[in-house]
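Worksheet: one structure, shown below.
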Amino acid sequence: MQFLARKLFIVLVVATMLVMAPASAQQKLALCQASANSIHLLDKKLYADKVHGFWLGLSIANWTGLVTEMDKIGGEGPAGQFYTRKDWQSKDQPSIWGQGIPSNLSDTIDWVVAGKDEVWGSDDDSDIEYIYLQLMFDSKQPLLSAEQIRDGWLAHIYKDSETPFKTANGKAENFLWVSNQQAFDLMQHNILPPFTGMPANNPHYDMIDAQLTTELFGILAPFRPDIASQLAYLPIRTTAYAEAADIANFYVVMHALAAGVDPAKAIEPQVLRIAQQARAELPSNQYPAKMFDFVWSLYQSGIPWEKARDKLYQRYQLEAKDGYEITNKKLYCNGCFAAGINFAASLVSLFYGEGDMQQTIKIAVLAGWDSDNPAATWGGLYGFILGKTGVEQAFGRSFSDKFNIHRTRKGFANNGIDNFGQMALRATAIVDQVVAQHMPAITAAKTAAGAECWHIPAFVAPAVSPL
């Protein structure tokens, strides 16, 4: 009896020690995988890898897309002879401003990447988002104010009178164009967002600019498009208004929903599902929603992506259907920088990419217009879905993780040299703040693995009463 009593005592002690001992890595992972219907659980280390993939995928697609940027926009002459899939790895042709000279990045339309010992440079598809990342991290306040946005732009963007950069023609270069440039000029006269994006102050409010600068907010509110849209509301309206703002928010919503895409399963149906969810955020009586439905119908019809692209050119750039009236404004290059036509082109690449990162980027690069921007958007989205490891597996190689924000901007530590891993850790810290400041309180029982993962309440769409 004494022996049995001692044995029982030892068993109880061991059991107590196991309960009190720190959870193993497998136990922690299990805690982050066990999800109730009303709660999403996201492992922080997995998230950091996904954010690394976001910056990596964005950079790959951005720099590859720059080779064909504004090569093909429709109209008369060579610029009207659109690329097809056969042009991948063929000789690059000059852009509309290339003065007959092809891209200096690559002689052929092919991947432009930074190897392990090289450094990715910032571009307008990444540098404003980098500024926002740093502003949110430093302030520990994800919901940026108009003053914070203005102060960040003025601190980190060169004025034309002070920039050290020059164009090929010797003109001052600060890597801002159309609506971004106008908003920056207005900020120097103490005009704050959202007034910097309103038509009365900014005639370029319907250009593509807001798309390039705000996808980041989606990945900072994983699973929660409602909160992502709140975080992005003012940054979007720094440079956009009306339909252009709705289009930028479409991409923000997709990036927030991408946190729920499981790369271990078939990606195509999951990506199409979140695209349809983002479509639900677009007012159905306006041109962005009608563009989505038109491109979706073309994809469903089974015609090749080239024919789909040609049909949207005819419908929107020539016929001004669905309330898309850019052509009537008689803009330079028929509004080739506009949010609308580039939104439609991006949907062609998304649908016809059929869940494959490389295929999606290739079509975006070849589709025409401001090709580096839709490519960068989907490169970042797929990078976030796959993570660093998944991107490298998709391309069968490793890439540099170094990033030089001072290629286009100024005023950052370490002479502007950063790396995607550190940028991902800053994003992780920001999500900590998003969860703490913008999500309902979570009971102690649900935070058992709080140091390892986030407990994110599922988004419940508000009920809408019929009119």
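The figures that follow rest on heavy atoms only: side chains count, while hydrogens, waters and symmetry mates do not.
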Next on the checklist: Enumerate the salt bridge (charged side-chain N to carboxylate O under 4.0 Å, His left out) contacts for residues 386-396, please, sequence neighbours excluded, ordered by first and then second residue.
Outcome noted: Lys388-Glu392
Next on the checklist: The criterion is ring pair (Phe, Tyr, Trp, His ring centres under 6.0 Å); which residues satisfy it with Phe223, sequence neighbours excluded?
Outcome noted: His40
Checklist entry - Are Tyr287 and Phe294 an aromatic pair by the rule of ring centers under 6.0 Å? => result no
Checklist entry - Please walk me through it: do Phe384 and Met254 pass side-chain contact (heavy atoms from CB on, under 4.5 Å)? => result CA-CA 11 Å; Phe384 183 61; Met254 279 203 68; over 6 Å; no
Next on the checklist: Using side-chain heavy atoms (C-beta onward) and a distance below 4.5 Å, is Asp293 in contact with Arg279?
Outcome noted: yes
Checklist entry - Got Gln277 and Ile274 here, is their nearest side-chain heavy-atom distance under 4.5 Å? => result yes
Checklist entry - Does the side chain of Thr238 reach to within under 4.5 Å of the side chain of Trp153, using non-hydrogen atoms? => result yes
Checklist entry - Does one side chain, of Asn174 or Thr163, offer a donor that lies under 3.5 Å from an acceptor on the other? => result no
Item to check | Phe250 and Val253: CA distance, side-chain angles, deciding distance, side-chain contact (heavy atoms from CB on, under 4.5 Å) verdict | outcome: CA-CA 5 Å; Phe250 172 90; Val253 169; 6.0 Å; no
Item to check | Heavy-atom pair of closest approach, residues Ile39 and Pro457 | outcome: CD1-CA, 3.9 Å
Checklist entry - Do Asp372 and Asp370 touch side chain to side chain, with heavy atoms closer than 4.5 Å? => result yes
Item to check | Sub-6.0 Å ring centroid separation between Phe82 and Trp369 | outcome: yes
Checklist entry - If you measure from the Lys or Arg side-chain nitrogens to the Asp or Glu carboxylate oxygens, is any gap between Arg407 and Asp127 under 4.0 Å? => result no
Next on the checklist: Does any part of the side chain of Trp454, heavy atoms only, come nearer than 4.5 Å to the side chain of Val434, both counted from C-beta?
Outcome noted: no
Next on the checklist: Taking the basic N atoms (NZ, or NE/NH1/NH2) and the acidic carboxylate oxygens, is any pair closer than 4.0 Å for Arg426 and Asp418?
Outcome noted: yes
Checklist outcome for this item: Minimal heavy-atom distance between Val391 and Gly383, with the atoms involved, is CG2-CA, 3.7 Å
Checklist entry - Does Ile73 reach the side chain of Asn334, with side-chain heavy atoms less than 4.5 Å apart? => result no
Checklist entry - About how many Å separate OG1 of Thr428 and CG of Leu220, when rounded to the nearest 0.5 Å? => result 9.5 Å
Item to check | Partners passing side-chain contact (heavy atoms from CB on, under 4.5 Å) against Lys307 (at least two apart in sequence or in another chain) | outcome: Ile303, Pro304
Next on the checklist: According to ring pair (Phe, Tyr, Trp, His ring centres under 6.0 Å), who are the partners of His52, at least two apart in sequence or on a separate chain?
Outcome noted: Phe420
Next on the checklist: What verdict does the side-chain contact (heavy atoms from CB on, under 4.5 Å) test give for Tyr324 and Gln317, after you've listed the backbone C-alpha separation in whole Å, the side-chain angles of each residue and the deciding distance to 0.1 Å?
Outcome noted: CA-CA 8 Å; Tyr324 186 64; Gln317 296 296 89; 3.5 Å; yes
Next on the checklist: Test of understanding: with side chain to side chain donor-acceptor pair (under 3.5 Å), list the residues that count as partners of Ser126, not counting sequence neighbours.
Outcome noted: none
Next on the checklist: Whether the Asp123 and Asn62 side chains hold a donor-acceptor pair (N or O, under 3.5 Å, no angle test) is what I'd like checked.
Outcome noted: yes
Checklist entry - Do you see a donor-acceptor pair shorter than 3.5 Å between the side chains of Gln181 and Asp185? => result yes
Item to check | Modelled atom types, side-chain donor and acceptor of Thr377 and Glu215, under 3.5 Å | outcome: yes
Item to check | side-chain contact (heavy atoms from CB on, under 4.5 Å) partners for Pro283, two or more places apart | outcome: Asp246, Asn285, Gln286
Checklist outcome for this item: Here the disulfide (SG to SG under 2.5 Å) pairs for residues 298-391, sequence neighbours left out, are Cys333-Cys336
Checklist entry - For Ser346 and Tyr251, does a side-chain donor sit closer than 3.5 Å to a side-chain acceptor? => result yes
Checklist entry - Does the pair Phe412 and Tyr130 meet the rule for a ring pair (Phe, Tyr, Trp, His ring centres under 6.0 Å), with working shown? => result CA-CA 10 Å; Phe412 291 98; Tyr130 184 96; 5.0 Å; yes
Checklist entry - Is Arg309 close enough and on-axis enough to Tyr313, meaning under 6.0 Å and within 45°, for cation-pi? => result no
Next on the checklist: Can you list everything that forms a ring pair (Phe, Tyr, Trp, His ring centres under 6.0 Å) with Phe195? Sequence neighbours excluded, please.
Outcome noted: none
Item to check | Counterpart residues, ring pair (Phe, Tyr, Trp, His ring centres under 6.0 Å), relative to Tyr241 (two or more places apart) | outcome: none
Checklist entry - Can you name the residues that form a side-chain contact (heavy atoms from CB on, under 4.5 Å) with Asn104, not counting sequence neighbours? => result none
Item to check | Any Val67 side-chain heavy atom under 4.5 Å of Val365 side chain | outcome: no
Checklist entry - Above 12 or not: heavy atoms from other molecules or residues under 6.0 Å from NZ of Lys410? => result yes
Next on the checklist: Filter on side-chain hydrogen bond (donor to acceptor under 3.5 Å, both in side chains), then keep only pairs touching residues 257-273, sequence neighbours left out; what's left?
Outcome noted: Glu268-Tyr299
Checklist entry - Tell me, do Asn201 and Thr196 make a side-chain contact under 4.5 Å, heavy atoms counted? => result no
Item to check | Residue pairs involving residues 107-121 (criterion side-chain hydrogen bond (donor to acceptor under 3.5 Å, both in side chains); sequence neighbours excluded) | outcome: Gln89-Asp110
Checklist entry - Do Asp206 and Glu243 pass the side-chain contact (heavy atoms from CB on, under 4.5 Å) test, and can you show the C-alpha distance, the side-chain angles, and the key distance before you say yes or no? => result CA-CA 7 Å; Asp206 49 2; Glu243 292 94 340; over 6 Å; no
